[in-house]
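Have a look at the structure below before the remarks.
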Amino acid sequence: MPGSQTSADSRPHVVLGVSGGIAAYKACELLRRFTESGHDVTVVPTEAALRFVGTATWEALSGKPVASSVFDDVLSVRHVRVGQQADLVVVAPATADLLAKAANGQAGDLLTATLLTARCPVVLAPAMHTEMWEHPATRTNVETLRSRGVVVLEPANGRLTGADTGPGRLPEPAEIFACCADILHRGDAAATLDLTGRRVVVSAGGTREHLDPVRYLGNSSSGKQGYALAATAAARGAEVTVVAANVDLPEPAGVKVVHVISTRDLASAVQEAAHEVDAVVMAAAPADFRPEERRAHKIKKRSDRAAPELSLVETEDLLAGLVTLRGASSLPVLVGFAAETGDAEASVLDHARAKLRRKGCDLLVVNDVGGGAVFGDDDNQVVIIGTDAADVPVPPGSKRDVAHAVWDQVVLRWGS
Ligand code: CTP
């Protein structure tokens with residue numbers, strides 16, 4: 001790691017850049033998360049950032065002196081040293097102005113100079129008004145930065161300063177931290193950003209098929225594995241859309257989230273997002289059946305106490321549909337998930353292989369749920385099977401670890 005070679009302090013060295021937006025106050029929480037988990041943090045605010053949160057706050061929270069100009073502490077050549085010693089640079093919030101300066105290689109203050117001298121992974125967490133985020137100038141700057149291997153997180157969608165809402169909010173500090181921790185954990189910068197330039201779609205959660213305005217057929221999928229796939233892909237540099245069916249979790253940083261309810265909604269959102277992408281990972285559990293009719297009014301109990309008749313129809317199979325849509329092309333790489341149990345006729349893997357053939361996808365991530373594995377756990381244990389290679393058993397680990405193992409396999413398919 002770049003920083004570890006140049007400093008005696010064995011803690012990972014993080015530079016927290018803060019540019020001048022109202023979301024600068026949220027960087028205080030990000031800073032606390034880094035320091036409390038054993039990171040050495042140098043805060044580099046811009047002059048404008050100091051108008052929102054002052055030097056005293058950054059120094060107290062980081063336990064270190066804070067400078068924003070290249071003329072502070074000239075003898076130690078700080079404008080070069082800070083970047084050289086870093087294991088990771090994260091800028092949160094990154095304003096439109098900061099993105100423009102970074103894309104153009106300007107180095108008029110300590111933060112932009114640090115971005116030029118850093119050879120470690122760089123994460124930018126933009127926050128600005130929707131109009132600024134969507135302006136062609138900002139789009140070009142983001143593209144330029146991403147093409148150079150900078151992780152530019154998608155801003156979150158929601159309430160902005162003032163009355164307006166839209167994409168432009170700073171992702172939650174906990175999610176920015178998780179992304180940075182993931183990058184530091186994986187080390188080597190080249191391998192870390194191996195999804196740069198790739199566009200991927202992940203589905204997550206479980207769909208609901210309504211019988212009437214208040215009741216539905218659903219399942220217990222929490223969406224944790226799908227969100228872990230989305231978060232890790234973003235941390236490895238991909239542009240990610242996650243289609244989330246009834247997921248009640250904090251949105252991963254740097255990911256576009258489309259919320260849906262039913263299998264039909266999921267199908268149209270995935271198909272729309274999957275246009276010209278490099279991979280689609282179907283981690284969602286779509287309902288296999290839906291009521292033939294959705295009643296407009298709540299179904300009432302009958303006076304003769306007879307249960308209502310329910311007529312169900314099969315929903316469409318999205319994964320099989322994507323395989324058909326792809327035709328003879330090798331992209332996108334298509335990945336399915338399968339929770340299976342073994343029985344008298346066949347083992348878990350036999351059932352999974354039959355499913356892989358039936359669905360026609362490239363990879364199937366197989367989960368043995370026979371031993372009572374529960375939906376919603378933070379950990380997972382899977383075997384990844386493919387049409388073209390040996391099975392890859394993934395040892396028990398966090399859902400983020402499993403997600404990385406899945407992306408490793410997808411990267412191999414892209415390479416061939
Ligand atoms: N899947 C899908 N569309 C459906 C059902 C499932 O795209 N209507 C996807 C899931 O997201 C998953 C994979 O197919 O990636 C396997 O899901 P699973 O429920 O195991 O498949 P089924 O075909 O429904 O098989 P089973 O009869 O075992 O439930």
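Order of appearance sets the numbers: ligands from 1, and atoms from 1 within every ligand.
Regarding atom 3 (N) of ligand 1, its nearest protein heavy-atom neighbour is L318 N, 3.1 Å. For atom 13 (C) of ligand 1, the closest heavy atom belonging to the protein is F337 O, 3.2 Å. For atom 18 (P) of ligand 1, the closest heavy atom belonging to the protein is K355 NZ, 3.5 Å. The protein heavy-atom contact nearest to atom 8 (N) of ligand 1 is E316 O, 2.9 Å. The protein heavy-atom contact nearest to atom 10 (C) of ligand 1 is A284 O, 3.6 Å. In this structure, atom 7 (O) of ligand 1 lies nearest to the protein heavy atom L319 N, 2.8 Å. Closest to atom 19 (O) of ligand 1, if we only count protein heavy atoms, is D288 OD2, 4.3 Å. For atom 9 (C) of ligand 1, the closest heavy atom belonging to the protein is K359 NZ, 4.0 Å.
Residues V260 and A269 approach most closely at CG1-CB, 3.9 Å, considering heavy atoms. Of all the heavy atoms in H351 and G342, the pair that sits closest is CD2-CA, 4.4 Å. Heavy atoms only, all atoms of each residue included: W133 and L153 are closest at CH2-O, 4.3 Å.
Taken from CG in N380 to NZ in K224, the straight-line distance is 11.0 Å, to the nearest 0.5 Å. Distance CG/L116 to OG1/T114: 9.0 Å, rounded to 0.5 Å.
With a 6.0 Å cutoff to the six-membered ring centre and a 45° limit on the axis angle, R198 does not count as a cation-pi contact of W407.
Residue T263 has no nitrogen or oxygen atom sitting less than 3.5 Å from a nitrogen or oxygen atom of ligand 1, judged on distance alone. Considering backbone and side-chain atoms alike, V335 places every N or O at 3.5 Å or more from each N or O of ligand 1. The N/O atoms of E340, backbone and side chain alike, include none that comes under 3.5 Å of an N/O atom in ligand 1.
Remark: ligand 1 atoms within the under-4.0 Å shell around heavy atoms of M282 are 7 (O), 11 (O), 12 (C), 15 (O). Here is the list of ligand 1 atoms found below 4.0 Å of a heavy atom in G336: 15 (O). Taking every heavy atom of T315 and a limit of under 4.0 angstrom, the matching atoms of ligand 1 come to 8 (N).
Not less than 6.0 angstrom separates the ring centroid of F52 from the ring centroid of Y25.
If you check the side chains of T263 and T315, you find no donor sitting under 3.5 Å from an acceptor. A side-chain N or O of H404 and one of D182 form a donor-acceptor pair less than 3.5 Å apart.
Under the 4.0 angstrom criterion for non-hydrogen atoms, E314 is not in contact with ligand 1.
Without hydrogens or angle criteria, T130 side chain to P167 main chain gives a donor-acceptor distance under 3.5 Å.
Atom 27 (O) of ligand 1 lies below 4.0 Å from none of the non-hydrogen atoms of the protein.
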